[in-house]
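Below is one structure, written out as structure tokens, with a few remarks after it.
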Amino acid sequence: MARFDLEHELTSRGLVAQQTDEKLFSHLSTAPTSVYCGFDPTADSLHVGNLLMLCTLRRFQLAGHRPIALAGGATGMVGDPGGRSEERNLLSVDQLAANLVGINEQLGRFLDFSSGAGAAQAIQLDNATWLQPMSVLTYLRDIGKHFTVNEMVAKDSVKSRFERPDQGISYTEFSYMLLQAADFLHLYKNFDCTVQIGGSDQWGNITAGTSLIRKVTGGHASGITMPLVTKADGTKFGKSVGGAVWLDANKTSPYQLYQFFMSAEDQMAPAYLRYFTFLDDDELSHLEVLTNEQPHQRAAQRRLAKQVTALVHGDEHAGRAEQASIALFSGTVASLDAASLRAISSDVPTSSVTTASLSAGLSVIDLAITAGLVSSKAEARRSIEQGGLSVNDLRIDDADATLGAEDVKDGGFIILRKGKRQYHLLTIE
RNA sequence: GGGUCCGUGUCCGAGUGGCCAAAGGAAACUGGCUGUAAACCAGUCGGCUCAGCCUACGGGGGUUCGAAUCCCUCCGGGCCCA
């Protein structure tokens, strides 16, 4: 594995928001270490919000360090007070196990868990394995003893909760940072982990860990945070039509993932390229120039969408997503031949109807609901009134319209579209 | 344990007996202009068998011709006192 300059890799891409010590990178370049990042196992899939950490861990691994993906099986039950999260429900043991399996599979796309990676072989751990059995007294004596409430109260994540006049913070959530600090200490002792990375909102939790390690062991550990990924207007990144964008192909198809990045804003596309791809400096700056000079070509978005989709789902799926996008957005879907449609159907959301029900006549409204393009008849009706629904590229202007056998295209497809870019294929059984 | 204030639609937040499916803002959706972008403009934004009906203002019960609004109680939360 080619050693590369990690400091340059991270700083040139704008990945470092804060770091605990200036000399960190010179230490990292002299000896391999282990670096950890926590992931919340509240779902059975990771989402694009996790992408930055996944890519950054990968960069560390490429530089010869061992990445540790820590599933917060224990901390996930407690809840980080930083977000606006409410008190969380305990995950059942079974649910947690299932989630860990799903997440593990996805981690494997970013990190090398094989023994072939040698000292840099990635590992996945669940903090419930050591936090669960810890007794309250051990926790209070070995961990709590090293923190003053004064400093805990001063952390931003906690302070903001104090400042909200209408809501307090439970002791449980207040303790969150100590649990995360305990994780870092555990990993430091047992896995030689000396670096923790996280989002910039994790700064307080990370420094709690480094100071705990110093107090308990006298050793030194560091932390680096990554910037918060946002959209151009500063709002949350990672939401698209229909909610979160997942890394699981069953929740968000490769086509949808591709589309999500394809529609990235010009302003942000170069930054996303630096964050989420492994392209070299030359290509990055070239694409940035292209974006500035010929934004309508969307060269950066195309590259971004293809690269990320390939990283998450593999080259084959990325290629298909790209082909499907080209086909659908060339403007003349209705003229596509059966073979192209069939190729697209595995990537674009698809549902099926029977020949019998079709020949009886199916209302466009019901089909749109079946397809999940709208959530209610009222919404479907509204969309039609506003000219937002089309079938085989023809705008529907009558809310009571029905479809029959004559609307089926060659190859047995009906193409539904809502708005400009939400496509859905209906197959006929 | 005592006192006090609060709990409204996806979120924030007005309303404090009928004119309330509930102001305003945000988010979201559609259309227009563009480039599958941003900004901007316009419309929509609980559901349905849609000029009507059903469901909804933390849960349950009550007062009333009529309740998000009043009373009781339970649950949840903030603050103060012990």
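As the structure is a prediction and not an experimental result, all values here were calculated from the model. Each chain gets a letter, A, B and so on, in the order its sequence line appears, and its residues count up from 1.
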Quiz item: Who passes ring pair (Phe, Tyr, Trp, His ring centres under 6.0 Å) against A/H186, sequence neighbours left out?
Solution: A/W130

Practice problem: Indicate whether OP1 or OP2 belonging to B/C45 is found under 4.0 Å from a side-chain N or O atom of A/R381. | Solution: no

Quiz item: How about A/F237 and A/F276: are their ring centroids closer than 6.0 Å?
Solution: yes

Quiz item: A/K377 side chain N/O closer than 4.0 Å to the phosphate oxygens (OP1, OP2) of B/U49?
Solution: yes

Practice problem: Counting Watson-Crick and G-U wobble pairs whose two distances are both under 3.5 Å, find the runs of 3 or more in a row that involve RNA chain B. | Solution: B:1-7 with B:75-81, B:10-12 with B:24-26, B:28-32 with B:40-44, B:46-48 with B:52-54, B:58-62 with B:70-74

Exercise. Considering just the side-chain nitrogens and oxygens of A/R382, establish if one lies under 4.0 Å of OP1 or OP2 belonging to B/G47.
Key: yes

Self-check item: P atoms of B/G58 and B/C6, separation to the nearest Å
Solution: 13 Å

Quiz item: Is a side-chain donor or acceptor of A/R13 paired with a backbone partner of A/T277 at a separation under 3.5 angstrom?
Solution: yes

Quiz prompt | Integer angstrom distance from the P of B/C75 to that of B/A26 | solution = 39 Å

Exercise. Determine the Euclidean distance between corresponding P atoms of B/G59 and B/A67; express it in Å to zero decimal places.
Key: 15 Å

Practice problem: Sticking with atom P, work out how far B/U73 lies from B/G3, rounded to a whole angstrom. | Solution: 12 Å

Self-check item: OP1 or OP2 of B/U36 under 4.0 Å from side-chain N/O of A/Q422
Solution: no

Quiz item: Hey, do the aromatic rings of A/Y423 and A/F329 have their centres closer than 6.0 Å?
Solution: yes

Quiz item: Under 4.0 angstrom, heavy atoms only, what part of the nucleic acid is A/R302 near: base, sugar-phosphate, or nothing?
Solution: nothing

Practice problem: Determine yes or no for a side-chain-to-main-chain donor-acceptor pair under 3.5 angstrom, with A/Q132 supplying the side chain and A/T129 the backbone. | Solution: no

Quiz item: Taking only N and O in the side chain of A/S376, is any of them less than 4.0 Å away from OP1 or OP2 of B/G47?
Solution: yes

Quiz item: A/Q259 near the nucleic acid: base, sugar-phosphate alone, or nothing, with a heavy-atom cut-off under 4.0 Å?
Solution: base

Quiz item: Where the side chain of A/S175 meets the backbone of A/L178, is there a donor-acceptor pair that is under 3.5 Å apart?
Solution: no

